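All values derive from a computational prediction rather than experimental measurement. The figures that follow rest on heavy atoms only: side chains count, while hydrogens, waters and symmetry mates do not.
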Amino acid sequence: MSVRAKKHLGQHFLTDENIARKIVEGLSFENYHNIMEVGPGMGVLTKYLLEKEQKIYLAEIDKESIEYLKQNYSKTTEETFVGDFLKQDFAFLNGEEIAIIGNFPYNISSQILFQIIDHYEKIPEMVGMFQKEVAERTAAVPRTKDYGILSVLVQAYYDTSYLFTVRENVFNPPPKVKSGVIKLTRNPKEGLEGNEILFKQIVKAGFNQRRKKLSNALKVLNIPEALKTHEFLDKRAEELSVADFIYFTKIWKENL
């Protein structure tokens with residue numbers, strides 16, 4: 001039995017064992033007892049995860065894939081399968097932390113990253129394969145074309161590393177684009193406490209008109225009077241670091 005890749009689920013099954021091993025080795029396996037693999041497919045990563053000491057959970061919605069994994073990996077149980085990753089609240093962890101790993105479906109890449117951010121307190125690290133463009137945007141630095149909303153929002157919560165690129169021909173079926181593997185390691189999130197909604201509003205408004213100076217792009221948010229001469233407003237969003245955005249949000253809130 002094998003699993004038929006389903007286009008509507010964005011499935012492209014990795015077939016290269018060396019790359020699968022490298023992705024799994026990207027996790028530290030330190031200071032957490034649980035790992036969740038998103039979209040395990042036919043288990044190319046799963047087999048290496050099941051060798052580890054951590055408790056493994058598999059987030060999969062494809063019934064054919066779940067049946068295949070149950071038949072081929074004896075260490076899996078009914079409790080191993082937890083359904084849709086985007087619907088997880090992680091309540092079953094009872095306060096424990098969990099690392100995330102996966103060859104992620106391209107059609108929900110950004111949603112996966114935002115789900116991780118939303119559960120920051122429970123997720124210390126993630127290693128995952130995305131469409132190369134998404135991986136590059138997530139890990140991008142200021143003053144580059146890839147640096148944008150996704151870069152800033154993810155990097156406010158996690159230190160981000162681009163690990164390596166994966167060619168199209170190691171998947172079945174091959175995608176039309178290259179893939180990139182990135183690692184997220186939780187950071188202290190300093191300065192964001194209590195300001196997260198405003199922070200996201202400022203970042204999104206700034207990059208929604210990225211060619212304009214922030215003095216124009218942020219007008220929609222009613223810039224506080226005391227900040228109207230701030231040096232940041234003479235810059236474009238792509239010129240500010242993540243720390244700059246966090247600081248600017250803090251003083252904005254103080255002047256409301």
Side-chain angles (χ1 to χ4, degrees), residues 1-27 35-52 56-76 80-88 99-116 125-140 145-146 148 150-151 154 160-184:
M1 176 192 175
S2 64
V3 181
R4 179 177 49 88
K6 297 163 190 70
K7 193 172 182 180
H8 73 282
L9 294 178
Q11 290 175 327
H12 296 276
F13 299 135
L14 179 65
T15 57
D16 188 305
E17 295 289 339
N18 289 329
I19 292 172
R21 198 179 294 110
K22 269 177 77 176
I23 293 170
V24 171
E25 286 170 356
L27 287 175
I35 299 170
M36 182 177 291
E37 183 187 357
V38 180
M42 291 174 67
V44 68
L45 302 183
T46 315
K47 68 165 75 73
Y48 298 109
L49 292 170
L50 290 170
E51 294 171 356
K52 305 296 181 182
I56 307 302
Y57 295 94
L58 303 176
E60 181 60 79
I61 60 173
D62 180 6
K63 290 177 181 172
E64 191 180 13
S65 179
I66 292 168
E67 200 52 45
Y68 176 90
L69 292 163
K70 283 178 179 175
Q71 284 182 21
N72 288 275
Y73 297 96
S74 58
K75 287 186 179 179
T76 62
T80 305
F81 296 91
V82 295
D84 189 344
F85 177 69
L86 298 180
K87 294 178 180 172
Q88 296 300 317
I100 306 297
I101 191 169
N103 168 22
F104 299 127
Y106 290 163
N107 54 349
I108 56 167
S109 296
S110 298
Q111 292 163 268
I112 286 169
L113 289 165
F114 291 132
Q115 168 78 334
I116 289 169
E125 68 177 8
M126 184 259 357
V127 173
M129 181 149 54
F130 297 85
Q131 184 175 336
K132 186 169 184 275
E133 178 193 348
V134 174
E136 288 174 337
R137 278 167 41 211
T138 307
K145 67 178 177 60
D146 290 324
L150 194 62
S151 324
V154 173
T160 309
S161 313
Y162 188 99
L163 299 183
F164 56 91
T165 300
V166 181
R167 300 186 318 278
E168 301 92 327
N169 64 350
V170 296
F171 295 91
N172 181 29
K176 291 179 179 160
V177 292
K178 287 183 170 57
S179 303
V181 177
I182 58 173
K183 179 171 184 172
L184 306 183

Atom pair [atom1] ([X]) and [atom2] ([Y]), whose distance is rounded to the nearest 0.5 Å:
| X | Y | atom1 | atom2 | value |
| --- | --- | --- | --- | --- |
| Phe104 | Ile182 | CZ | CD1 | 8.0 Å |
| Met36 | Ile116 | CE | CD1 | 10.5 Å |
| Ile100 | Leu184 | CD1 | CG | 10.5 Å |
| Ile56 | Tyr73 | CD1 | OH | 13.0 Å |
| Ser179 | Glu168 | OG | CD | 7.5 Å |
| Leu69 | Asp62 | CG | CG | 9.5 Å |

At their closest point, which heavy atom of [X] faces which heavy atom of [Y], and how far apart are they?
| X | Y | value |
| --- | --- | --- |
| Val127 | Ile23 | CG1-O, 3.4 Å |
| Arg137 | Leu150 | NH2-CD2, 3.8 Å |
| Gln115 | Lys87 | NE2-N, 4.3 Å |
| Pro175 | Tyr106 | CB-CE1, 3.8 Å |

query = Is there a donor-acceptor contact under 3.5 Å from the side chain of Thr15 to the main chain of Val170?
reply = yes

ask   = Under the 3.5 angstrom rule, does the side chain of His12 hit a backbone N or O of Pro173 as a donor-acceptor pair?
value =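 Side chain of His12 to backbone of Pro173, a donor-acceptor pair under 3.5 Å: yes, one is there.
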
request  = Please check if atom NZ in Lys22 has more than 12 non-hydrogen atoms from other residues, nucleotides or ligands closer than 6.0 Å.
outcome  =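 Incorrect, the count does not exceed 12.
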
key: Neighbour count >12 (heavy atoms, 6.0 Å) for atom CZ, Arg21   = yes

Side chain proximity check, [X] to [Y], heavy atoms < 4.5 angstrom:
| X | Y | answer |
| --- | --- | --- |
| Leu58 | Leu49 | no |
| Met126 | Lys183 | no |
| Ile61 | Phe85 | no |
| Tyr68 | Gln71 | no |
| Asn103 | Phe171 | yes |

task = Check the pair Phe114 / Gln111 against side-chain contact (heavy atoms from CB on, under 4.5 Å), numbers first and verdict last.
result = CA-CA 5 Å; Phe114 291 132; Gln111 292 163 268; 5.8 Å; no

Could you list the donor-acceptor pairs under 3.5 angstrom formed by side chains in residues 128-135, with sequence neighbours left out?
residue: Lys132; atom: NZ; partner: Glu136; partner atom: OE2; Å: 2.6

Return a table of donor-acceptor pairs under 3.5 angstrom between the side chains of residues 39-46 and protein atoms on other chains or two or more places apart.
residue: Thr46; atom: OG1; partner: Glu37; partner atom: OE1; Å: 2.6

